[in-house]
Q: 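One structure, pasted below without further comment.
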Amino acid sequence: MQVFDKIISDRGSRYAVAGGPAATRAEAAALLAGLKRNKRFAKATHNSWAAILSGEPVKDDDGEAGAGALILQMLERAGLHDHVVVVTRWYGGKQLGGDRFRHVADAVRLYLRETGLG
């Protein structure tokens, strides 16, 4: 699993992005569990993720409404299958409104660029 931490900061909220190969829901769950073994990620406000596993789209907003769908849409556009991408947010106390979607998209773009998968 690759993790890019402290990539975005806005009004106290901080973001990270992580991901790795997974072909099944069990592998995706194991990847997420591995990320949450790090106490910092376990205490995050949201760990939103998405993947296209064996051709089946799967997503979880983890309370950040719409984030999983946005990640999934970006993975579909990139043609990235059997790979989970997780965007983590630590809430900073101020509402971000629509900017939170821009931050999720920027995090996924960074992941795709840095890993060479996009």
Side-chain angles (χ1 to χ4, degrees):
M1 172 187 313
Q2 293 191 23
V3 178
F4 302 94
D5 199 358
K6 300 176 184 174
I7 59 169
I8 299 168
S9 182
D10 182 6
R11 290 169 264 181
S13 286
R14 295 170 326 278
Y15 287 82
V17 65
T24 66
R25 284 181 184 255
E27 289 176 5
L31 192 131
L32 191 59
L35 182 67
K36 289 182 176 182
R37 277 191 208 102
N38 179 322
K39 198 180 293 187
R40 177 169 152 66
F41 285 87
K43 291 184 176 186
T45 312
H46 308 286
N47 283 294
S48 306
W49 65 272
I52 303 167
L53 306 173
S54 301
E56 177 188 351
V58 200
K59 64 180 174 58
D60 184 357
D61 291 332
D62 193 29
E64 183 80 293
L70 178 57
I71 298 166
L72 181 60
Q73 181 182 47
M74 294 182 74
L75 297 179
E76 288 171 339
R77 283 185 189 154
L80 185 58
H81 292 251
D82 297 329
H83 199 97
V84 175
V85 175
V86 183
V87 176
T88 301
R89 177 183 178 193
W90 292 268
Y91 180 65
K94 293 185 180 174
Q95 298 290 328
L96 299 181
D99 286 342
R100 65 191 177 93
F101 294 111
R102 182 172 48 86
H103 297 325
V104 169
D106 288 346
V108 174
R109 274 189 213 97
L110 181 139
Y111 182 83
L112 295 173
R113 183 179 66 246
E114 293 296 318
T115 59
L117 296 170

Q: Which atom pair, heavy atoms only, marks the closest approach of R109 to D106?
A: NH1-OD1, 2.7 Å
Q: Is there a path of hydrophobic side-chain contacts, each under 4.5 Å between heavy atoms of I, L, V, M, F, W or Y residues, that connects V86 with L75?
A: no
Q: Minimum heavy-atom separation for L31 and P21, please, with both atom names.
A: CD1-O, 4.0 Å
Q: Taking all atoms of both residues into account, what is the closest heavy-atom pair of S48 and I71, and its distance?
A: O-CD1, 3.6 Å
Q: Using the rule that two of Ile, Leu, Val, Met, Phe, Trp, Tyr join whenever any of their side-chain heavy atoms come within less than 4.5 Å, decide whether L32 and V58 are in one cluster.
A: yes
Q: Determine whether L70 and I8 fall in the same hydrophobic cluster, where Ile, Leu, Val, Met, Phe, Trp and Tyr are linked whenever their side-chain heavy atoms lie under 4.5 Å apart.
A: yes
Q: How far apart are the C-alpha atoms of V108 and V87, what are their side-chain angles, what is the distance that settles it, and do they pass the side chain to side chain contact (heavy atoms under 4.5 Å, CB included) test?
A: CA-CA 7 Å; V108 174; V87 176; 3.8 Å; yes
Q: Roughly how far, to the nearest 0.5 Å, is CZ of R100 from NE2 of H103?
A: 11.0 Å
Q: Does L117 share a hydrophobic cluster with V84, counting links as ILVMFWY side-chain heavy atoms below 4.5 Å and allowing steps through other members?
A: no
Q: Keeping R25 on the side-chain end and L53 on the backbone end, is there a donor-acceptor pair under 3.5 Å?
A: no
Q: Got a list of side-chain donor-acceptor pairs under 3.5 Å for residues 88-98, not counting sequence neighbours?
A:
unit_1, atom_1, unit_2, atom_2, d
T88, OG1, N47, OD1, 2.6
R89, NE, S13, OG, 3.3
R89, NH1, E64, OE1, 3.4
R89, NH1, E64, OE2, 3.0
R89, NH2, S13, OG, 3.1
W90, NE1, R40, O, 3.0
Y91, OH, G93, O, 3.4
Y91, OH, K94, N, 3.4
Y91, OH, Q95, NE2, 3.4

Q: State, to 0.1 Å, how close V3 and A18 come at their nearest heavy-atom pair, and which atoms those are.
A: CG2-CB, 3.8 Å
Q: Which residues satisfy the side chain to side chain contact (heavy atoms under 4.5 Å, CB included) test with F4, sequence neighbours excluded?
A: Q2, I7, V17, L110, Y111, E114, T115
Q: Quick check for you: to the nearest 0.5 Å, what is the distance between D61 atom CG and H46 atom NE2?
A: 9.5 Å
Q: Quick test of your reading: applying salt bridge (Lys or Arg N to Asp or Glu O under 4.0 Å), list the pairs with at least one residue in residues 10-22, sequence neighbours left out, ordered by first then second residue.
A: R11-D99
Q: Say whether I52 and W49 are linked into one hydrophobic cluster, either directly or through other cluster members, by side-chain heavy-atom distances under 4.5 angstrom.
A: no
Q: Could you report the tightest heavy-atom contact between D60 and D62, atom names first, then the distance?
A: OD1-N, 2.9 Å
Q: What distance do H83 atom NE2 and L112 atom CG have between them, rounded to the nearest 0.5 Å?
A: 8.0 Å
Q: Specify the closest pair of heavy atoms between L72 and A50, including all atoms of both residues, with the distance to one decimal.
A: N-CB, 3.5 Å
